[in-house]
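All remarks here apply to the structure that follows.
A quick note: this is a predicted structure, and the numbers were derived from the prediction, not measured.
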Amino acid sequence: MKTAVKTEISQQIINLYNDRLGKSPSQIICHFFDTEIVISIENSVTQAEQTLLKGGYNTLAEASTIIFRENN
């Protein structure tokens, strides 16, 4: 049962990233702990965020991520 749920969660995250950002994370790992779930998403930084980080605009890159989360 947990494997099916983990697979579904991972697939939905991939779909969200593809639909909203045009890019999939390289790996998604789900862990269940009693009443909590922890999801690790690797290589999920968008091209825009990478550009901001390379330019030294770390705060702006972080703010863009927060704005995305709040609006979705």
Could I get the full list of side chain to side chain contact (heavy atoms under 4.5 Å, CB included) partners for Gln27, not counting sequence neighbours? Ile29, Glu42

Sequence neighbours excluded, which residues qualify as side-chain hydrogen bond (donor to acceptor under 3.5 Å, both in side chains) partners of Ser24? Asn18

Residues in side chain to side chain contact (heavy atoms under 4.5 Å, CB included) contact with Leu53, at least two apart in sequence or another chain: Val45, Asn58, Ala61

For Asn43, what residues pass the side-chain hydrogen bond (donor to acceptor under 3.5 Å, both in side chains) criterion, not counting sequence neighbours? Ser26

For Leu60, give me all partners under side chain to side chain contact (heavy atoms under 4.5 Å, CB included), at least two apart in sequence or on another chain. Leu52, Tyr57

Only distances under 3.5 Å count here; give the side-chain donor-acceptor pairs of residues 7-16 to other protein atoms, sequence neighbours excluded, each with its distance to 0.1 Å.
| residue | atom | partner | partner atom | Å |
| --- | --- | --- | --- | --- |
| Thr7 | OG1 | Thr3 | O | 2.9 |
| Glu8 | OE2 | Gln12 | NE2 | 2.9 |
| Ser10 | OG | Lys6 | O | 3.0 |
| Gln11 | NE2 | Asn15 | OD1 | 3.2 |
| Asn15 | ND2 | Gln11 | O | 3.3 |

